[in-house]
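Since we're looking at a predicted model, the values are computed, not measured.
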Amino acid sequence: MIFGLFSSATALGADMSNGANNFYQSDNVTMQKVSFKNQYNMMVVGDLFMPKNINVNIKNPAIIVGHPMGAVKEQSANLYAIKMAEQGFVTLSIDLSFWGESEGQPRQVVSPDIYAETFSAAVDFLDSRPFVDPNNIGVIGICGSGSFAISAAKIDPRLKAIATVSMYDMGSANRNALNHSMSLEQRKKIIADAAAQRDVEFNGGEIKYTSGTVHEINENSNPIEREFYDFYRTPRGEFTPASSTPLLTTHPTLTSSVKFMNFYPFNDIESISPRPMLFITGDKAHSKEFSEDAYQRAAQPKELYYVKGAGHVDLYDRVNLIPFDKLTSFFKENLK
């Protein structure tokens, strides 16, 4: 259940400045819908992008792209995948299990382990393609997918180069909130509410959803609410997959969201070395603490790259701010 009014995104304006272009298409890239099973026998659905001039008779480097938490591949991930395919890479954007076109019931469940498995399953799929070099597969994780990609990379050495953009540590964000502003008592209240809701749903009650992006803004809305609203609730980035409704998009289930409390993606991050890591964040981003934390913990080779003047959501779709040249040089150097 979502409380509050819903305003139709199509009736609202959107801040399209700085080249916001979430639904970018390219005449130089082809797209194919693909599907494959993960280790839990759940179907994962993705969009496979290839340069039109690719030589399919040789082994080519590939990049997996993961969408922001609560989003789907059509939001930010496809943009990155198309742009990187224009640079000569085979790219695969994926819907995390329980989201978008990928399988998983109930819909919009939080399961960090299965999210990480989605990236490894994507490697399985790419390994099987005759035109992909299995020794040169990288990953881009946007927002929450940054932490899921790191979680996968710690136990999957087939991911040879790891880049994150506007990363959220979904564990810390849920345990501590931004800037560690959540008290232990507040955390315990969230956990207790989720446990109580389990009883309701076990006895046939309605599924309850939580967090995600607000459906209306007013004079009391804070800057972060406004930032996400402008992407997810306006034509700039709004997208509703067939598995959801406009009232539920971005919202995970309450009972499963506490699974993030036990998610520590940066523990043992140093074990990824000597595979290279690139952390990209806006210097104005409310989330930059997570990229900075991961960078401090990671071993070499690593790089923390600040995008001047960029906020968190800016790097979802503002092509005038997203450093595609930096991503291109990183992967061309590390995926031979």
Q: What pairs with Glu201 under side chain to side chain contact (heavy atoms under 4.5 Å, CB included), at least two apart in sequence or on another chain?
A: Gln197, Ile207, Lys208, Thr255
Q: If we ignore angles and hydrogens, is there a donor and acceptor under 3.5 Å between the side chains of Ser221 and Glu219?
A: no
Q: My understanding is that only residues two or more places apart in sequence, or in another chain, count here; which of them pass side chain to side chain contact (heavy atoms under 4.5 Å, CB included) with Asn78?
A: Asp47, Phe49, Lys73, Glu74, Ser93
Q: Quick one: side chains of residues 263-271, donor-acceptor pairs under 3.5 Å with protein atoms, not counting sequence neighbours, listed by atom name and distance.
A:
{"from": "Asn267", "atom 1": "OD1", "to": "Arg297", "atom 2": "NH1", "distance (Å)": "3.3"}
{"from": "Ser271", "atom 1": "OG", "to": "Asp268", "atom 2": "O", "distance (Å)": "2.6"}

Q: Please list, chain by chain and in numerical order, all residues satisfying side chain to side chain donor-acceptor pair (under 3.5 Å) with Thr30, sequence neighbours excluded.
A: none
Q: Side chain to side chain donor-acceptor pair (under 3.5 Å) with Ser172: which residues, sequence neighbours excluded?
A: Asn176
Q: Listed by chain and number, what are the ring-ring contact (aromatic ring centres under 6.0 Å, His included) partners of Tyr24, not counting sequence neighbours?
A: none
Q: With sequence neighbours left out, which residue pairs that include part of residues 315-336 fulfil the ring-ring contact (aromatic ring centres under 6.0 Å, His included) condition?
A: Tyr80-Phe324, Phe231-Tyr316, His312-Tyr316
Q: Just to verify, what does Phe279 make a ring-ring contact (aromatic ring centres under 6.0 Å, His included) with, not counting sequence neighbours?
A: none
Q: Would you check if the side chain of His67 reaches a backbone N or O of Leu96 as a donor-acceptor pair within less than 3.5 Å?
A: yes
Q: Between Asp156 and Ser120, do the side chains contain an N or O donor and an N or O acceptor separated by less than 3.5 Å?
A: yes
Q: With no hydrogens and no angle check, do the side chains of Thr250 and Arg233 hold a donor and an acceptor under 3.5 Å apart?
A: yes
Q: Quick one: list whatever passes salt bridge (Lys or Arg N to Asp or Glu O under 4.0 Å) with Asp124, sequence neighbours left out.
A: Arg158
Q: Taking the side chain as every heavy atom from C-beta outward, state whether Ile280 and Pro323 have any pair of such atoms under 4.5 Å apart.
A: yes
Q: Is the Phe36 ring parallel, tilted or perpendicular to the Phe125 ring (thresholds 30°, 60°)?
A: parallel
Q: Quick one: do the Gln108 and Ser244 side chains pair a donor with an acceptor below 3.5 Å?
A: yes
Q: List in chain and number order the residues that pass salt bridge (Lys or Arg N to Asp or Glu O under 4.0 Å) with Asp193, two or more places apart in sequence or in another chain; answer none if no residue qualifies.
A: Lys189
Q: For Asp133, enumerate each residue passing the side chain to side chain contact (heavy atoms under 4.5 Å, CB included) test, keeping only those at least two apart in sequence or located in another chain.
A: Lys59, Asn135, Asn136
Q: Using salt bridge (Lys or Arg N to Asp or Glu O under 4.0 Å) as the criterion, list what pairs up with Lys284, not counting sequence neighbours.
A: none
Q: For residues His286 and Glu227, is any side-chain donor paired with an opposing acceptor at under 3.5 Å?
A: yes
